[in-house]
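Any value given below was found using the heavy atoms of this structure, including those in side chains, with hydrogens, waters and symmetry copies removed. Note that this is a predicted model, so its numbers are computed, not measured.
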Amino acid sequence: MLHNNWFPSYMTAYIRDSPLRRAGTLNAILSRCFSFTPREVFDRSPERHVVTMHDNECEALASFVQRNSLGMKPSKFQLCTALNCCAKTQNSHLGSQIHAKILHIGLDQNLYINSSLVNAYAKCGAIVDAMSVFNGIEFHDTVSWTSMISGLSQNGQGREALCLFKQMLATLVRPNCFTYVGAISGCTEQESVWKCGELLHAHVIILGHENNNFVTSSLIDYYSKCGKMEKVVVLFEACATSDPILVNSMISAYSHNLQGEEAIKLFMKMRNADASLSEHALTSILDACGALTVLQQGRQVHAYVTKVGSVHNVFVVGALIDMYSKCGNIDEALCVFNEADYKNNILWTSVITACAQSGRSLEALEFFDHLVIKEKRFSPDHVCFTVVLTACNHSGLLDKGIGYFEKMRSDYNLVPEIDQYACLIDLYARKGDLKRGKKVMEEMPFTANAVMWSSFLSCCKEYGNVELGKEAAYKLFELEPHSPVPYLILEDIYAGAGLWNEVLQLRKLMNDNGVRKCTAGCSWVEIENEVHVFSVGDSSHPESEDIHLELRKLSLEMLNEVHVFPRNAPKSGDYELMMISSLF
DNA sequence: ATAGGGTTAG
């Protein structure tokens, strides 16, 4: 039987697709040589390996394991190669087994092996382990520094990566272009280190690495993430060669900066030139098509996807479903889904979402009932339940929704998270069972946030419940002291109940608290007919108004450039950063 | 024989 359910999924895929159909042998090899249980292997193997199969790496690892099982002592070269494969397949468990082996045979002082170990741990996200290996190295070289710096960057610790880079500069070991790639990608992680990127760019120019495509690609990514598309374009145009990866980075950059049209243009150009496009780029371009709701272009990309065989990539399939769904073409979305040769939880949830969002909530629920409950085709997770509960809410199936919530725990062993609780509270409240809703809000293991209280308050208004409405509104006065909304809704509730005295008192309170009926809206700075800052004012942000004022003042003084925020509207916490970043 | 570019779908 090939599908031993404990197998790491990439191994299963490897075996399924490999001429070496030797699951039984591999099974035996794995359990004989390593101390982990089969279940652990399975649990630690990210599902994506089914998708991005690393055939060569898997084969190399399998033969490494086999040699090991025959009692052959691995050479340091073999160990390096094996660790490299672990890094590529993110097999941290095998990686630490190999680490144990290294310690056992006393190769733990070898710089090559240690650099590989740092890399393998970092690629698997085990940054603490990577760091401890790194710290154990007595004499570092450029490679060991680079491994650690890149590892930190890739694990969302850009600030730490830059600190380490700084430490490296204080030694006699010099960074090379590899090191700069790692350091530059560290600058995109945290806003507080954004300006370091430009400094590193200057280094790169001085040291003459600017013609290195890897460095350029990391710079494109960096500038794209801080919204400096003009610099991105300059960098891209300065490239003599059209490296497909640079083109892919560029398509992603356009797409993430809401310049979908440019992204599509570049895609067309590449397609006509028969240049290869990565699957990352294809998902980006589909994202752009969805955002622009351009179905025709989306279909053209779909045709290309079919032509190059990327329909087998689950990310591309997901992006296709999402694109068709955003373009309002639910039937094509379903068609893509039905034809997908591999379906995971995310795809199932995608189609259910697509149905629910196109106003076909009932169909979405039928789909769910049929596939999940009846046929047990997939096991739903938290996100899936959020979609289902939201669909119930939209279609007024309140009791059914409450039933699904119960099922989560009883049938699927899922502990509800705050999102699902929010849905449940909404279901009760919309049903008119405000008491029950409030009880859930108080008893759940999370603290209710402003969104939950706001929605609850609206239901209180709906049912004219003065007592609970007042409670919810006062809660919101604390949570969102600058927002006029809860005052206005409560005023409505009072007025509806004919409590005119309370209305007057409330108006006074609003005035005393300095809350005005203004909408936060957008802040922007206009320089030379160009709008340079978009900031969605969040009225719940305590300093929202002050910051608006500051921004306006700044716009009057001078600003060479201010960031245009990519993709998502900035969150409240971004204000400070905008203030800072606009000063540079 | 060791290190490098994006991290994409609900």
Sugar-phosphate only, base, or nothing, as touched by A/Thr353 at under 4.0 Å among non-hydrogen atoms: sugar-phosphate
Flag if over 12 foreign heavy atoms under 6.0 Å of NE2, A/His203: yes
Sugar-phosphate only, base, or nothing, as touched by A/Ser278 at under 4.0 Å among non-hydrogen atoms: base
Closest nucleotide among B/dA9, B/dG4, B/dT2 to the A/Val314 side chain: B/dA9
Closest nucleotide among B/dT7, B/dG10, B/dA3 to the A/His256 side chain: B/dT7
Sugar-phosphate only, base, or nothing, as touched by A/Ser147 at under 4.0 Å among non-hydrogen atoms: sugar-phosphate
Check: A/His201/A/Tyr223 side-chain N/O donor and acceptor closer than 3.5 Å: yes
Distance-only side-chain donor-acceptor flag, A/Asp411 / A/Tyr404, under 3.5 Å: no
Separation of atom OH in A/Tyr180 from atom P in B/dG4, rounded to whole Å: 18 Å
Sugar-phosphate, base or nothing in reach of A/Asp243, heavy atoms under 4.0 Å: base
Distance in angstrom units between A/Gln154 CD and B/dT8 P, rounded: 13 Å
Any A/Asn213 side-chain nitrogen or oxygen under 4.0 Å from OP1 or OP2 of B/dG4: no
Per-pair stack call A/Trp348 and B/dG10, 5.5 Å, 30°: no
Check: B/dG10 base within 3.5 Å donor-acceptor of A/Thr349 side chain: yes
A/Phe214 ring center within less than 6.0 Å of A/Tyr180 ring center: no
Polar pair under 3.5 Å, donor/acceptor by atom type, side chain A/Asn84, base B/dA1: no
Whether A/Phe178 stacks on the six-membered ring of B/dG4 base, 5.5 Å and 30° limits: yes
